[in-house]
Number of protein chains: 2
Amino acid sequence: MASLPVLNQPPRRSGALLDNLARRMRLHAESVLEPLGLRPRHLVALTVLRDRDGSTQQALASTLMMDRATVVGLLNDLEADALIERRRSPEDRRRHIVQLTDRGARRLAKAEFALAAVEDEVLSALDTGQRATLYELLLLAASGTAQECGPAAIASDSPC
Amino acid sequence: MASLPVLNQPPRRSGALLDNLARRMRLHAESVLEPLGLRPRHLVALTVLRDRDGSTQQALASTLMMDRATVVGLLNDLEADALIERRRSPEDRRRHIVQLTDRGARRLAKAEFALAAVEDEVLSALDTGQRATLYELLLLAASGTAQECGPAAIASDSPC
DNA sequence: TAAATCGTTGGCGTTACACAAACCAGTTAC
DNA sequence: GTAACTGGTTTGTGTAACGCCAACGATTTA
């Protein structure tokens, strides 16, 4: 006998939509970010560093799920523009403690302000509430993947 | 006088998180999709074609916000595997009407099923309800850019 | 002293585009 | 019916943003 049609319906996967939406956003963002001397990829790091200030590069790579080497290049860009600082950890002098500078915080704020227009365009179908929900879900999904950092720590300012 | 602090708070932008999450998803998806002869990029097209069957390539490029030439390459891949069909439009024989074949639909379903594990991992911090919400928001954002397709049509099975 | 760790650099390979130019088949305008 | 336009196609060039690997210096741990 045939199985129930409703059970045959494949689950809708978000991956493809996520990809597409991200590409659109990045495409528009590039031109907006360019006068600020930033690239889309830099924003991820800056955003994370605003919340998890004083992170190790290793920890940063882990939460971003990126290769260490990639993170190094990213931070090199940001440090060259004095948007972040690398201090050596007193406890373990192999480690670099990465911190957002005031300049970096200001630049990030400026970038986010400038990106409002881009988001308005790409997310034009979403109202304010829906955009807020989307942001929360994305933040939750992004932060939750680091095992040490439970969901409870997301909304709070805990350093994880 | 200084402006109110709360007003100075920059708006949190979803772009960076979107980017990061999409990259993670794509990274894991590649290996899962490979035995199916698909690449992440193909899923977007297949997904759109399932809902907007019989679309013109031009329309497809428009909803995907991609270059025509890029779409051609994408469809070439899919057609080579008989996952889609290109028919000439009777009204305007310049146009190609793109349609998902049964094989394509089955392949897509299989892919989505296989991607469940990936989504489970990347979106592990989200429960079922939250994932559904995320999917709806993404779909809304993706479809909303095409003006003909209003928000009311999202939840329904309307072809837009 | 030896092994492991953190960051760093460099190189090689890949995906996935954008953009432009040129082309054919078919359509529309004059 | 010639000219202009349009939809799709091909090819080619360029770019962003990675991943992965290997090797290295500085430092810490066994």
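Every chain is numbered from 1, with letters handed out A, B, ... down the list of sequences.
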How many whole angstroms separate atom CG of B/Leu27 from atom C1' of C/dA16?
14 Å
Below 4.5 Å, heavy atoms only, C-beta onward: do B/His96 and B/Arg88 meet side chain to side chain?
yes
Does A/Gln57 make a side-chain N or O approach to OP1 or OP2 of C/dG7 shorter than 4.0 Å?
no
Salt bridge (Lys or Arg N to Asp or Glu O under 4.0 Å) between A/Asp77 and A/Arg41, intermediate numbers included:
CA-CA 11 Å; A/Asp77 293 350; A/Arg41 54 196 302 257; 3.6 Å; yes
Report yes if a side-chain nitrogen or oxygen of A/Arg68 is closer than 4.0 Å to either non-bridging phosphate oxygen (OP1 or OP2) of C/dC6; otherwise report no.
no
With A/Arg107 as partner, the option from A/Thr101, A/Asp81, A/Asp102 fulfilling side chain to side chain donor-acceptor pair (under 3.5 Å) is A/Asp81
Is a donor from one side chain sitting under 3.5 angstrom from an acceptor on the other, for B/Gln57 and B/Arg86?
yes
So how far is it from B/Leu75 CG to B/Leu60 CG, rounded to the nearest 0.5 Å?
6.0 Å
Without decimals, in angstroms, what is the distance between B/His28 NE2 and D/dG19 P?
10 Å
I want to verify a distance call: between C/dG7, D/dG7, C/dA18, whose nearest atom is closest to the B/Thr56 side chain?
D/dG7
Do B/Val32 and B/His28 have side-chain heavy atoms sitting under 4.5 Å apart?
no
From CG of A/Leu60 over to C1' of C/dC6, roughly how many Å is that when rounded to an integer?
14 Å
Value in whole Å for how far the P atom of C/dT15 lies from CG of B/Asp67
20 Å
Rounded to whole Å, please give me the gap between CG in B/Asp19 and P in C/dA16.
15 Å
Whole-Å distance separating the CE atom of A/Met25 from the P atom of C/dC17
16 Å
Mind running a 4.0 Å heavy-atom check of residues 69-76 of chain B against DNA chain D and sending the residues that fall below it, in number order?
B/Ala69, B/Val72, B/Asn76
Between A/Arg13 and B/Glu112 (side chain of the first, backbone of the second, donor and acceptor by atom type, cut-off under 3.5 Å), is there such a pair?
yes
What string of B, S and - do you get for nucleotides 25-30 of chain D, 5' to 3', when a contact is any protein heavy atom under 4.0 Å?
-BBS--
Roughly how many Å is it from CZ in B/Arg23 to C1' in C/dT14, rounded to a whole number?
15 Å
Are side-chain heavy atoms of A/Arg39 and A/Leu33 found at a separation under 4.5 Å?
no
Looking for any heavy atom pair under 4.0 Å, which part of the strands does A/Arg26 touch: base, sugar-phosphate only, or nothing?
nothing
Side chains of B/Gln99 and B/Arg87: any donor to acceptor distance under 3.5 Å?
yes
Below 4.5 Å, heavy atoms only, C-beta onward: do B/Leu64 and B/Thr70 meet side chain to side chain?
no
Measure the shortest side-chain to side-chain distance between A/Leu115 and A/Leu43 over non-hydrogen atoms and say whether it is less than 4.5 angstrom.
yes
A/Leu74 and A/His42, any side-chain heavy atoms less than 4.5 Å apart:
yes
Whole angstrom value for the distance that separates P of C/dG26 from CD of B/Gln58
17 Å
DNA chain D contacts among residues 40-48 of chain A, heavy-atom distance under 4.0 Å:
A/Pro40, A/Arg41
Any side-chain N or O of A/Arg86 less than 4.0 Å from the OP1 or OP2 oxygen of C/dG7?
no
What is the nucleic acid contact for B/Arg95, judged by heavy atoms within less than 4.0 Å: base, sugar-phosphate only, or nothing?
sugar-phosphate
